[in-house]
Amino acid sequence: MPNFKCKILKEIQLPFEKEGVEFLWIAKGENVDLLFTRMKQECFFLQIKKNTQKQEWLIKGEKHTKPSQIGYLQKALLVFKENFCQEIINEAVALKHTRLVQKTPLIANDLKELLKQIKDKNKIFIEIGFGSGRHLLYQARNNPDVLIIGVEIYTPALEQVAKLALNENLNNILLIETDARLLLSVIETNLIDKVFLHFPVPWDKKPHRRVVSSNFANECARIIKENGQFELRTDSFLYFDFTLEVFLNFSHLKAKIKKNENLEISSKYEDRWKKQNKDIYDLVISNFSINDPLIENKKFAIEELSFNQQELSCIKNNFKNEVFKGEDYFLHLERIYIKGDELIIKIAFGAFYKPEHIYIRLGLNQDVFIFDKPFKTKENFKALEKLREILYSYL
């Protein structure tokens, strides 16, 4: 993340605009201040942190609000440095132009961007954990009329597979770095034709960490079309048996089971297992659709909150960093900031496996969400209902 340190910070006069960068307002925290920044219609925070022991300032981007293009953040830091700072100690602001992740349309910056791109597609496959990309690229070559979405948690894998796809002029691929369980929870109902899960980490000693769960199966059933299918391929009989048991909870489905089936394409993991004479199991599930729609129209519990100055003072005085855990959600109240007659609160919340981080603004009759609204998932609704309850308990 681009950043720099300085010895002297000048008085910051706001609002300020220069070279397309706007600094609009600042929120004061205990150790860190947040500078609300806008460039090319994108808004994000710069963090201004003072090290009182060393008598120096660290200025950097706030990682949970960073813009889609790292260059916007770089430009904002340069403008801030040139106009409000003296005696620069060190800096790491230069862009790394070698990062393919910022250069290709084959990689989505975030889930919101991906959802926009897939909205009008007729056929969509999803591969979870595509690794080296052999199977994903195979599907793209053999199904030019299908959009192949690849989900990974490792950026180098995204960049490598994107390069391979570009070399083959494959433009029906869209890659994203995210947790697959979150992706499935925000996709529209009956939109996906196939979901592939090939050679997932088996987690034999920690089954709670597996991708497959009853919630995962429900989301697969909701997003997969009536004639679509979910396909597991694994060398772990325990994972195969566990997945079959999870899906058998549906009242109606078709299950096809194969053992040691040779496919036209083989992953590097499969090549390794075959050399070790390990068995390979296939499980294909179909005809298990659920027509539950996404929660689109319901408002979050905190959207219409309004507090007067006395109530805001109570919230400020009673606020503390704490975590609340429900059966299938959590809420972490992290930090509080003061902006004039308003309070800014940073929270992490939602599902345990993929939390969202947002800033909310509390005051009189205003939008609570400073940036984009959270995804409308069941976990997020429960977490923000809990937040409303906690805020009122402070009064």
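Values below: all heavy atoms of this structure, side chains included; hydrogens, waters and symmetry mates excluded.
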Would you say [Y] ends up clustered with [X] if hydrophobic residues are merged whenever their side chains have heavy atoms under 4.5 Å apart, either directly or through other cluster members?
X: L9; Y: V32; value: no
X: F242; Y: F288; value: yes
X: L333; Y: Y337; value: no

Search all heavy atoms of [X] against all heavy atoms of [Y] and return the closest pair with its distance.
X: Q69; Y: E42; answer: N-OE2, 4.4 Å
X: G131; Y: A157; answer: O-CB, 3.9 Å
X: K316; Y: L343; answer: N-CD1, 4.0 Å
X: V161; Y: S132; answer: CG2-O, 3.5 Å
X: E379; Y: Y329; answer: O-CB, 3.7 Å
X: E261; Y: D282; answer: CB-OD2, 3.7 Å

Would F307 and Y392 count as a close aromatic pair, with their ring centres under 6.0 Å?
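Yes, the ring centres sit under 6.0 Å apart.
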Please determine if [X] forms a cation-pi arrangement with [Y], meaning its NZ or CZ atom is less than 6.0 Å from the six-membered ring centre and no more than 45° off the ring axis.
X: K112; Y: F375; value: yes
X: R209; Y: W203; value: yes
X: R233; Y: F199; value: no

Can a side-chain donor-acceptor contact be found between [Y] and [X] if the only test is distance below 3.5 angstrom?
X: E127; Y: H198; result: no
X: N321; Y: E334; result: no
X: Q309; Y: E311; result: no
X: E62; Y: T65; result: yes

Are E264 and Y138 close enough, and set up right, to give a side chain to side chain donor-acceptor pair (under 3.5 Å), and what steps lead you there?
CA-CA 9 Å; E264 291 185 31; Y138 168 83; 3.1 Å; yes
Parallel, tilted or perpendicular: rings of [Y] and [X] (30°, 60°):
X: F16; Y: F23; value: parallel
X: F84; Y: F80; value: tilted
X: F216; Y: F247; value: perpendicular

For K66, side-chain hydrogen bond (donor to acceptor under 3.5 Å, both in side chains) partners two or more places apart
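K66 satisfies side-chain hydrogen bond (donor to acceptor under 3.5 Å, both in side chains) with no residue once adjacent residues are dropped.
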Does K10 NZ have over 12 foreign heavy atoms under 6.0 Å away?
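It does: K10 NZ has more than 12 such atoms within range.
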Among R388, K298, K373, which residue meets the salt bridge (Lys or Arg N to Asp or Glu O under 4.0 Å) test with E303?
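Testing each of R388, K298, K373 against E303, the sole residue satisfying salt bridge (Lys or Arg N to Asp or Glu O under 4.0 Å) is K373.
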What do the steps show when you test R181 against E219 for salt bridge (charged side-chain N to carboxylate O under 4.0 Å, His left out), and what is the final call?
CA-CA 8 Å; R181 294 165 291 189; E219 292 296 353; over 6 Å; no
Begin from the C-alpha positions of H357 and K63 and carry the test side chain to side chain donor-acceptor pair (under 3.5 Å) through to its verdict.
CA-CA 10 Å; H357 297 79; K63 64 180 181 180; over 6 Å; no
